[in-house]
Amino acid sequence: MVAPQTSISSGAVRLAGKRAIITGGGHGIGRATAIEFARQGSHVAIVDLDEAACQETARQIIGLGGTCLPLAADVSDAGEVDQCVASVVDVLGGVEVLFNNAGVMPEGTALTTDMATWQRVLDVNLKAMYLFARATIPQMLSGGGSVINTASVQGLLGHPNRLAYVTSKHGVIGLTRALAADHAAAKVRVNAICPGTIDTPMLHRELEKAPEDERESLLQSYRELHPIGDIGQPEDVAHAVVFLASDESRFITGAVLAIDGGYTSLVVHE
Ligand SMILES: NC(=O)c1ccc[n+]([C@@H]2O[C@H](COP(=O)([O-])OP(=O)(O)OC[C@H]3O[C@@H](n4cnc5c(N)ncnc54)[C@H](O)[C@@H]3O)[C@@H](O)[C@H]2O)c1
């Protein structure tokens with residue numbers, strides 16, 4: 001775990017004073033959301049396996065005048081999760097928002113996914129969300145809170161060659177609804193988001209598996225899968241997460257929000 005870094009936040013109002021934990025905050029959707037949260041007045045703690053990336057997100061937030069506590073940890077390790085949440089409570093004084101977002105996406109069918117890969121994907125993409133929920137929800141019981149879980153369009157639909165990933169993301173939606181039912185009376189809201197294809201390092205790792213001269217046409221095919229005609233940017237997800245974290249969404253819990261340019265709205269893509 002790395003040393004806490006803090007600075008003064010100013011000027012924003014939608015998440016003013018809210019203390020948030022964002023997992024997978026070192027890259028992609030998590031980093032963009034952490035930065036947007038800080039712009040909106042939230043005190044942010046980010047948890048990521050990649051310590052250098054974690055520090056870089058913190059540097060960017062502090063450069064904007066925000067507050068950031070970077071924590072290098074594996075979200076699938078119960079001891080590390082408990083230690084992270086204890087550090088956040090110690091430094092920030094509590095937690096009102098949890099963005100469960102870290103994830104991994106290996107390929108494989110039932111015939112090509114080994115036990116270690118299956119276990120790792122379920123541990124990082126699903127078990128970690130339970131670990132963070134059980135560690136943070138007690139902090140939210142007196143004053144309410146918001147938990148946002150990153151599923152995927154692959155939590156709503158199947159996809160070839162992604163057995164463990166699709167399974168884990170469908171599980172995220174079940175976990176979200178169960179948590180929402182358990183904690184609504186305490187004003188702890190729990191919602192899931194289902195991004196379509198988003199322009200992050202995860203997408204670029206996928207593209208890099210194709211020969212270099214085929215990558216642009218592969219990217220174009222991803223754009224065309226989304227009726228809106230483009231893939232999303234991490235900020236498109238960040239803005240939706242800000243809404244779900246804010247009091248503007250106070251009557252929304254157990255919801256599953258597609259952020260997918262219409263990907264899941266069509267039976268047949270033309
Ligand atoms: N990019 C997309 O097209 C897309 C679409 C739908 C859903 N998602 C989901 O959005 C989430 C974020 O994806 P992204 O595209 O920003 O990915 P990314 O790979 O760009 O970023 C994921 C971050 O999670 C961190 N991480 C991975 N395993 C971890 C672990 N065990 N402990 C702590 N941190 C860990 C990584 O270090 C990385 O910083 C994931 O849950 C992913 O499944 C992404």
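What you see is a predicted model; the values in this text were computed from it and never measured. First listed ligand is number 1; within each ligand, the first listed atom is number 1.
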Q: Looking only at protein heavy atoms, which one is nearest to atom 9 (C) of ligand 1, and what is the separation?
A: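 The closest heavy atom on the protein side is Thr150 CG2, 3.5 Å.
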Q: Determine, stepwise, if the pair Asp123 / Ser76 fulfils side-chain hydrogen bond (donor to acceptor under 3.5 Å, both in side chains).
A: CA-CA 5 Å; Asp123 283 355; Ser76 68; 5.3 Å; no
Q: Does the Thr112 side chain pair with the main chain of Gly108, one donor and one acceptor, at a distance under 3.5 Å?
A: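 It does not hold such a pair.
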Q: For ligand 1, which atoms, with element, lie under 4.0 Å from some heavy atom of Arg120?
A: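 Going through ligand 1 atom by atom, the ones under 4.0 Å from Arg120 are 31 (N).
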Q: Contact between Met129 and ligand 1, counting heavy atoms under 4.0 Å?
A: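 Heavy atoms of Met129 never come under 4.0 Å of ligand 1.
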Q: Pairing donors with acceptors under 3.5 angstrom, does anything connect the side chains of Arg162 and Thr167?
A: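 Absent: no donor and acceptor within the cut-off.
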Q: Starting from atom 24 (O) of ligand 1, locate the nearest protein heavy atom and write down its residue, its atom name and how far away it is, to 0.1 Å.
A: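 Among all protein heavy atoms, the one nearest atom 24 (O) of ligand 1 is Gly24 CA, 3.5 Å.
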Q: Among all the protein's non-hydrogen atoms, which is closest to atom 31 (N) of ligand 1, and how far away is it?
A: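 For atom 31 (N) of ligand 1, the nearest protein heavy atom is Asp74 OD1, 2.9 Å.
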Q: Could you verify whether a donor N or O on one side chain and an acceptor N or O on the other, from Glu56 and Gln60, lie under 3.5 Å apart?
A: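 The criterion, which ignores hydrogens and geometry beyond distance, is satisfied for Gln60 and Glu56.
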Q: Among all protein heavy atoms, pick the one closest to atom 13 (O) of ligand 1 and tell me residue, atom and distance.
A: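 Ranked first by proximity to atom 13 (O) of ligand 1 is Met202 CE, 4.0 Å.
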Q: Under 3.5 Å, is there a donor on one side chain and an acceptor on the other for Glu224 and Gln220?
A: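 Yes, a side-chain donor-acceptor pair sits under 3.5 Å.
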Q: For atom 25 (C) of ligand 1, which candidate among Thr197, Thr33, Leu71, Asp48 provides the closest heavy atom?
A: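 Heavy atom nearest to atom 25 (C) of ligand 1 belongs to Asp48.
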Q: Are Arg19 and Glu96 within salt-bridge range, i.e. N to O under 4.0 Å?
A: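 Answer for the salt bridge query: yes.
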Q: Given Gly28, Gly30, Gly103, identify the one with the heavy atom nearest to atom 22 (C) of ligand 1.
A: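 Considering heavy atoms of Gly28, Gly30, Gly103, the nearest to atom 22 (C) of ligand 1 sits in Gly103.
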Q: Students should be able to answer this: which protein heavy-atom is nearest to atom 6 (C) of ligand 1, and at what distance?
A: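 It is Pro195 O, 3.3 Å.
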Q: Regarding Thr23 and Asn101, do their side chains bring together a donor and an acceptor under 3.5 Å, going by distance alone?
A: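 Looking only at side-chain atoms, Asn101 and Thr23 do not form any donor-acceptor pair under 3.5 Å.
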Q: Where does the angle between the aromatic ring planes of His226 and Tyr263 fall among parallel (under 30°), tilted (30 to 60°) and perpendicular (over 60°)?
A: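 Because their plane-to-plane angle lies in the 30° to 60° range, the rings of His226 and Tyr263 count as tilted.
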Q: Give a yes/no verdict on whether any heavy atom in Ala151 is under 4.0 Å from an atom of ligand 1.
A: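 Yes.
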Q: Ligand 1 and Ile198, any nitrogen or oxygen pair closer than 3.5 angstrom?
A: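 Yes: some nitrogen or oxygen of Ile198 is under 3.5 Å from one in ligand 1.
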Q: I'd like to know whether ligand 1 has Gly25 as a neighbour, heavy-atom separation below 4.0 Å.
A: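 No, Gly25 has no heavy atoms under 4.0 Å from ligand 1.
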Q: Please state which option from Ala32, Ser76, Ala102, Ala53 has its nearest heavy atom closest to atom 35 (C) of ligand 1.
A: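 Considering heavy atoms of Ala32, Ser76, Ala102, Ala53, the nearest to atom 35 (C) of ligand 1 sits in Ala102.
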Q: Between Pro234, Gly155, Gly196, Ser152, flag the one that comes closest to atom 5 (C) of ligand 1 by a heavy atom.
A: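 Looking at heavy atoms only, the winner is Gly196.
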Q: Compute the minimum heavy-atom distance from Ala73 to ligand 1 and say whether it is under 4.0 Å.
A: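 Right, Ala73 reaches ligand 1.
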Q: Is it the side chain (CB and beyond), the backbone, both or neither of Asn101 that lies under 4.0 Å from ligand 1, heavy atoms counted?
A: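 Looking at Asn101 and ligand 1, atoms from backbone and side chain both fall under 4.0 Å.
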Q: Can you tell me which residue and heavy atom of the protein come closest to atom 34 (N) of ligand 1, and the distance to 0.1 Å?
A: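 Here the closest protein heavy atom is Leu49 N, 3.1 Å.
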Q: For Phe243, does its backbone N or O pair with a side-chain atom of Ser246 as donor and acceptor, under 3.5 Å?
A: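 Such a contact is found between Ser246 side chain and Phe243 backbone.
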Q: When you compare the side chain of Thr200 with that of Arg31, does any pair of heavy atoms fall below 4.5 Å?
A: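 No, every pair of side-chain atoms sits at 4.5 Å or beyond.
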Q: Would you say Val172 and Ile137 are hydrophobically clustered, going by side-chain heavy atoms of ILVMFWY under 4.5 Å?
A: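 Shared cluster, yes.
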Q: Geometry only, no angles: is Ile29 polar-contacting ligand 1 at N/O separations under 3.5 Å?
A: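 It does: an N or O of Ile29 is found under 3.5 Å from an N or O of ligand 1.
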Q: When you measure from atom 21 (O) of ligand 1 to every protein heavy atom, which one gives the shortest distance, and what is it?
A: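 Answer, as residue, atom name and distance: His27 CB, 3.8 Å.
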Q: Which option wins on minimum heavy-atom distance to atom 8 (N) of ligand 1: Phe99, Tyr165, Tyr222?
A: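 Going through Phe99, Tyr165, Tyr222 one by one, Tyr165 has the nearest heavy atom to atom 8 (N) of ligand 1.
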Q: If only side-chain N and O atoms count, and only distance matters, is there a donor-acceptor pair under 3.5 Å linking Asp114 with Thr117?
A: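 A pair is found: one side chain offers a donor N or O, the other an acceptor, under 3.5 Å apart.
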Q: Using a 4.0 Å heavy-atom cut-off, say whether Met105 meets ligand 1 through its side chain, its backbone, both or neither.
A: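 It is neither; nothing of Met105 touches ligand 1.
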Q: Given the rule that I, L, V, M, F, W and Y join up when any side-chain heavy atoms are under 4.5 Å apart, are Met202 and Ile22 in one cluster?
A: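 No, Met202 and Ile22 fall in different hydrophobic clusters.
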Q: So if I count the atoms of ligand 1 from 1 in the order they appear, which ones are less than 4.0 Å from some heavy atom of Val124?
A: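 Matching atoms, with element in brackets: 28 (N), 31 (N).
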Q: Got the closest protein heavy atom to atom 32 (N) of ligand 1, with its distance?
A: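 It is Val75 N, 3.0 Å.
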Q: Can you establish whether the number of heavy atoms outside Tyr222 located under 6.0 Å from its atom OH is more than 12?
A: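 Check passes, neighbour count above 12.
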Q: Any salt bridge between Glu208 and Arg215, counting N to O under 4.0 Å?
A: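 Salt bridge between Glu208 and Arg215, a charged N being under 4.0 Å from a carboxylate O: no.
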Q: Would Arg205 count as a contact residue for ligand 1, given that I'm defining contact as a non-hydrogen atom of the residue lying under 4.0 Å from a ligand atom?
A: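 Heavy atoms of Arg205 do come under 4.0 Å of ligand 1.
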Q: Out of Val104, Asp260, Asn100, whose heavy atom is nearest to atom 28 (N) of ligand 1?
A: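 Ranked by closest heavy atom to atom 28 (N) of ligand 1, first place is Val104.
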Q: Please verify whether a non-hydrogen atom of Arg31 lies at under 4.0 Å from ligand 1.
A: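 It does not; every heavy atom stays at 4.0 Å or beyond.
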Q: Nearest non-hydrogen contact with atom 1 (N) of ligand 1 belongs to which option: Leu203, Asp77, Thr200, Asp199?
A: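 Nearest heavy atom to atom 1 (N) of ligand 1 lies in Thr200.
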Q: Any luck finding a side-chain donor-acceptor pair between Asp48 and His27 under 3.5 Å?
A: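 No, no side-chain donor-acceptor pair sits under 3.5 Å.
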